[in-house]
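Below is one structure, written out as structure tokens; the observations come after it.
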Amino acid sequence: MKKILSALILFMCMTGLFAAGNTKIEFDTVDLEQNPVSTDDFKNNKLTMINIWGTFCPPCIREMPELGALSKANKDKGVEVVGLVVDLVNQMGVVDSRALNNARQIIEKTGADYTHIVPNQKMLRGFLRQVQVVPTTIFINSKGEIVRTEIGARSQEAWQNIIDSILSKNE
């Protein structure tokens, strides 16, 4: 049953759940410190890597140190890593203070010191409804268009290969 469910999720993602170039992601929200963050903040990036993770997800947490290193290594290339913590809010968009504190502790412990954002109701009702598993990573270009989606955790080297592949196609 698990294999069937995994195959179905993979199939949905590969068949246009987040179809590259067809879907644009736009949001106005806040980071974990309540600073405003929107997709406009990333329009000067060649590529923005939005890593959707949960505080309950061991693979998400295991890859975070490497995502932190990846963020630093790619800043000069116009690539930015952003974390989106899906379990910080309930369906009404109300922040759970315990989950927020847990997320902050995880970020500090893992050295994942890139921007992490809080989903709002519009995001929960919009593109996040399509996210069935974490981690899910969405790559967007400077226009906010999805250029690639990946499910699952990766090593820094594997993520770097994906980033380099996307950048080489867009040059």
Side-chain angles (χ1 to χ4, degrees), residues 1-27 29 31-32 37 39 42 47-71 74 79-96 98-100 102-107 109-112 114-141 144-163 165-166:
M1 184 65 172
K2 282 184 180 179
K3 287 183 181 182
I4 293 170
L5 183 58
S6 295
L8 178 61
I9 291 169
L10 183 59
F11 174 76
M12 289 185 331
C13 290
M14 294 175 72
T15 57
L17 184 64
F18 284 116
N22 296 333
T23 305
K24 191 170 185 178
I25 291 182
E26 295 180 296
F27 58 80
T29 189
D31 66 13
L32 300 190
V37 179
T39 44
F42 309 112
L47 188 66
T48 302
M49 177 181 177
I50 303 173
N51 180 259
I52 303 166
W53 67 281
T55 60
F56 57 87
C57 171
C60 300
I61 296 165
R62 275 194 302 271
E63 80 173 339
M64 288 174 72
E66 296 195 50
L67 291 175
L70 189 74
S71 177
N74 286 279
V79 177
E80 187 166 354
V81 177
V82 177
L84 194 161
V85 195
V86 292
D87 61 330
L88 293 185
V89 296
N90 63 22
Q91 291 298 322
M92 300 303 291
V94 177
V95 175
D96 178 332
R98 234 185 310 171
L100 179 62
N102 191 22
R104 287 179 176 146
Q105 289 172 3
I106 291 167
I107 291 164
K109 183 179 176 183
T110 61
Y114 44 89
T115 301
H116 293 267
I117 59 177
V118 178
N120 59 29
Q121 276 190 306
K122 185 176 179 184
M123 295 163 79
L124 292 171
R125 291 181 185 150
F127 74 93
L128 287 176
R129 289 184 67 181
Q130 299 175 59
V131 175
Q132 302 296 311
V133 295
V134 289
T136 292
T137 302
I138 303 168
F139 292 90
I140 60 172
N141 63 19
E145 299 166 334
I146 296 172
V147 295
R148 186 162 174 167
T149 302
E150 294 288 330
I151 294 175
R154 307 276 189 283
S155 68
Q156 181 179 349
E157 181 181 359
W159 283 126
Q160 189 64 59
N161 289 337
I162 291 168
I163 289 168
S165 171
I166 295 168

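When a residue number appears, it is its place in the shown sequence, counting from 1.
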>> With rounding to the nearest 0.5 angstrom, report the CE to CD1 distance, M64 to I106.
In response: 6.5 Å
> Which heavy atom in D31 sits nearest to a heavy atom in V118, and how many Å separate them?
Replying inline: O-CG2, 3.8 Å
> Is the side chain of E63 donor-acceptor paired with the backbone N or O of R154 at a distance under 3.5 Å, no angle test?
Replying inline: yes
> From M49 CE over to T137 OG1, what is the distance, rounded to the nearest 0.5 angstrom?
Replying inline: 4.5 Å
> If every non-hydrogen atom of P59 is compared with every non-hydrogen atom of P135, which pair is closest and at what distance?
Replying inline: CB-CD, 4.4 Å
> Pick one: which of I25, N141, I50 meets side-chain contact (heavy atoms from CB on, under 4.5 Å) with I146?
Replying inline: I25
> Of all heavy-atom pairs between A103 and L88, which one has the smallest distance, and what is that distance?
Replying inline: CB-CD2, 3.9 Å
> When the ring planes of F127 and F27 are compared, do they come out parallel, tilted or perpendicular, using 30° and 60° as the limits?
Replying inline: tilted
>> What I'd like to find out is whether the side chain of L84 reaches to under 4.5 Å of the side chain of L128, using heavy atoms alone.
In response: yes
>> Rounded at 0.5 Å granularity, tell me how far CG in N51 sits from CD in E150.
In response: 11.5 Å
>> Between N90 and D96, is the side chain to side chain contact (heavy atoms under 4.5 Å, CB included) condition met? List the steps.
In response: CA-CA 7 Å; N90 63 22; D96 178 332; over 6 Å; no
> Can you tell me how far the CD atom of Q156 sits from the OG atom of S71, to the nearest 0.5 Å?
Replying inline: 10.5 Å
>> Test your reading of the model: is there a side-chain donor-acceptor pair from T115 to the backbone of V82, 3.5 Å cut-off?
In response: no
>> Quick check: do E80 and F42 have side-chain heavy atoms less than 4.5 Å from each other?
In response: yes
> Looking at side-chain heavy atoms only, is the closest gap between T149 and F139 below 4.5 Å?
Replying inline: no
> Between N74 and Q160, which heavy-atom pair has the shortest distance, and what is it?
Replying inline: ND2-OE1, 2.8 Å
> What residues form a salt bridge (charged side-chain N to carboxylate O under 4.0 Å, His left out) with R104, not counting sequence neighbours?
Replying inline: E33
> Do you know which two heavy atoms are closest between L67 and V81, and how far apart they sit?
Replying inline: O-CG2, 4.2 Å
> Below 4.5 Å, heavy atoms only, C-beta onward: do L70 and Y114 meet side chain to side chain?
Replying inline: no
> Quick one: CG on L47 to CD1 on I163, what's the gap to the nearest 0.5 Å?
Replying inline: 6.5 Å
>> To the nearest 0.5 Å, what is the distance between CD1 on I166 and CG on N161?
In response: 11.0 Å
>> N120: which residues meet the side chain to side chain donor-acceptor pair (under 3.5 Å) condition with it, sequence neighbours left out?
In response: none
